[in-house]
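What follows is a single structure, written as structure tokens, with notes after it.
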Amino acid sequence: MDVILLDFWISVFGVRVRIALAEKGVEYEYREEDLQNKSPLLLEMNPVNKKIPVLIHKGKPVCESNIIVQYIDETWHDKSPSLLPSDPYLRAQARFWADFVDKKIYESAKKIWTAKGEDLEAAKKEYMDLLKVLEGQLGEKPYLVGESFGFADIAMIPFSSWFYALNQIGNMKIEEECPKLAAWVERCMKRESVSKTLPDPHKFHELLMMRLNK
Amino acid sequence: MGDEVKLYGVDGSPFVCRVKIALNLKQVKYDFYVEDLSNKSADLLKYNPAHKKIPVLVHNENPISESLVIVEYIDEAWKGVPILPHDAYEKAQVRFWAKFNEDKCIPALFKAIGSHGSEEAVAEAHEQLQFLENELNVKGGKFFGGDNVNLVDISASFIAFWLGAAEEALGIKVLAKDKFPKLTEWCGNYINCQPVKESLPAREILVAFFKKRFGGN
């Protein structure tokens with residue numbers, strides 16, 4: 001197989017890559033990694049970070065999910081849809097929001113799992129404020145940057161599989177407080193690449209509770 | 001054509017410097033607006049409401065934030081010397097190393113500086129720097145980009161210039177020449193190349209900043 005993906009089934013970062021590959025209709029071999037016992041191949045292909053996902057294309061590795069998604073778009077540029085816009089300014093917007101998800105949304109959500117008391121309230125407020133920023137960015141648009149599903153949406157949509165768990169653990173009502181974001185999630189879920197790839201939110205909640213209680 | 005290019009930032013910021021270097025590489029004329037970070041301008045808050053940070057580049061009233069995003073934008077918006085390679089795989093490698101500098105190496109250096117060169121923090125910084133040393137060994141050129149400066153070099157501006165100023169200010173050594181000969185050589189090559197030289201702040205200002213910020217013993 002020309003394309004191999006080293007991944008972990010419930011990783012939001014791995015999901016980004018799977019969505020991109022599905023959007024482009026690229027055939028690949030999926031290899032599940034045991035993160036407690038990483039394969040020699042993973043350690044060889046990503047010696048710096050030793051993390052999944054890693055895309056191996058004709059034997060050469062590409063690491064970091066947002067970088068992999070751009071690589072997929074550029075390599076299979078003749079297959080539609082384009083995952084990034086063609087205009088440089090809109091491309092910059094797409095990259096900015098993908099980076100925003102990494103720098104802010106991911107870190108903020110994780111705090112909610114572990115925080116207690118006052119810290120939990122602060123973490124919840126921070127997270128909701130960030131989601132409201134995304135609501136603002138969506139505005140009346142169907143997707144995060146422009147009229148088509150693309151890079152920024154791919155970066156964020158896997159994190160929607162965390163909403164159920166966050167609502168339960170944090171006693172929140174994400175969809176109620178962010179109706180535009182909720183509508184955007186539903187819109188993205190209409191795409192097969194997303195609906196067939198996103199982990200089940202209940203399964204994620206189950207797994208998380210097991211990990212937190214151990 | 002009437003291109004209007006504005007850059008909001010402060011002189012001493014390594015992140016702002018990345019943008020200045022990219023603009024100089026492409027020979028783009030711009031107006032620089034100095035921000036008071038304790039009293040951010042209405043313009044800055046308007047152009048970067050999500051982070052409220054510098055640098056922000058505004059091109060014909062279109063704002064772009066986050067220094068590495070801005071540098072990629074500059075590469076795509078203006079012709080001239082390429083900052084990223086054309087090949088998709090090479091591009092992915094360049095983006096990987098730029099992200100490595102941003103997420104791993106530079107934060108480790110901040111910790112080493114902030115801890116006044118604690119053994120643990122310096123060891124961690126050395127681990128990250130070793131990856132860069134190996135890259136230069138493998139690539140074997142003047143710069144991470146070979147004969148020319150690329151996004152990886154630009155992302156590592158802090159290492160080339162700010163680190164040395166911090167070391168002097170605090171009397172510590174992190175980037176030792178005997179441990180990191182290639183990286184040390186790269187620092188010299190990088191800060192002496194014209195578009196970079198023009199963009200760097202005065203070293204004395206940085207030394208004074210680090211002395212004040214982290215204090216002597």
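Heavy atoms only: backbone and side chains are in, while hydrogens, waters and symmetry mates are out. Throughout, protein chains are lettered first and strands after them, A, B, ... in sequence-line order, and every chain is numbered starting at 1.
Both the backbone and the side chain of A:V48 come within contact range of chain B, each with at least one heavy atom under 4.5 Å from a heavy atom of that chain. Looking at B:P63, both its backbone and its side chain come within 4.5 Å of chain A, counting heavy atoms on both sides. Interface remark: B:E102 contributes side-chain atoms only to the contact with chain A (heavy atom separation under 4.5 Å). With a threshold of 4.5 angstrom between heavy atoms, A:N66 does not approach chain B through any atom at all. In this structure, chain B has heavy atoms under 4.5 Å from both the backbone and the side chain of A:R95. The part of A:Q93 that comes within reach of chain B is its side chain, from C-beta onward, which places non-hydrogen atoms under 4.5 angstrom from that chain. At a 4.5 Å heavy-atom cutoff, A:W76 makes no contact with chain B through either its backbone or its side chain. Looking at B:E127, neither its backbone nor its side chain comes within 4.5 Å of chain A, counting heavy atoms on both sides. Contact annotation for A:P47: only backbone heavy atoms (N, CA, C, O) come within less than 4.5 Å of a heavy atom of chain B.
Between B:H51 and A:F100, the ring planes lie tilted relative to each other; the angle falls in the 30° to 60° range.
No more than 12 heavy atoms of other residues, nucleotides or ligands lie within 6.0 Å of NZ in B:K182, so this atom counts as exposed by the packing criterion. Crowding of A:K141 atom NZ: a count of heavy atoms from other residues, nucleotides or ligands under 6.0 Å exceeding 12. Residue B:K104 qualifies as enclosed at atom NZ: its count of foreign heavy atoms under 6.0 Å is above 12. More than 12 non-hydrogen atoms from other residues, nucleotides or ligands lie less than 6.0 angstrom from NZ of A:K132. Shown here is B:E120, whose CD atom has no more than 12 heavy atoms of other residues, nucleotides or ligands within 6.0 Å. The 12-atom threshold is not exceeded at NZ of A:K51, counting heavy atoms of other residues, nucleotides or ligands nearer than 6.0 Å. Residue A:E186 qualifies as open at atom CD: its count of foreign heavy atoms under 6.0 Å is 12 or below. Shown here is B:K177, whose NZ atom has no more than 12 heavy atoms of other residues, nucleotides or ligands within 6.0 Å.
Nearest heavy-atom pair, B:A92 versus A:V62, reported as atom, atom and distance to 0.1 Å: CB-CG1, 3.8 Å. Closest approach of B:I64 to A:A92, counting heavy atoms only: CG2-CB, 3.9 Å. Of all heavy-atom pairs spanning A:C63 and B:F96, the tightest one is CB-CE1, 3.8 Å. Closest non-hydrogen pair, A:F96 versus B:N48, comes out as CZ-OD1, 4.4 Å.
Rounding to the nearest 0.5 Å places CG of B:L68 at 8.0 Å from CG of A:D99. Rounding to the nearest 0.5 Å gives a distance of 7.5 Å between OH of A:Y71 and CG of B:D87.
Of the listed residues (A:K60, A:H57, A:Q70), the one with the most heavy-atom contacts under 4.5 Å to chain B is A:K60. Most heavy-atom pairs under 4.5 Å with chain A: of the set B:Y89, B:F131, B:F100, this distinction falls to B:Y89.
For the pair B:R95 and A:E64, the salt-bridge criterion is not met [side-chain N within less than 4.0 Å of a carboxylate O].
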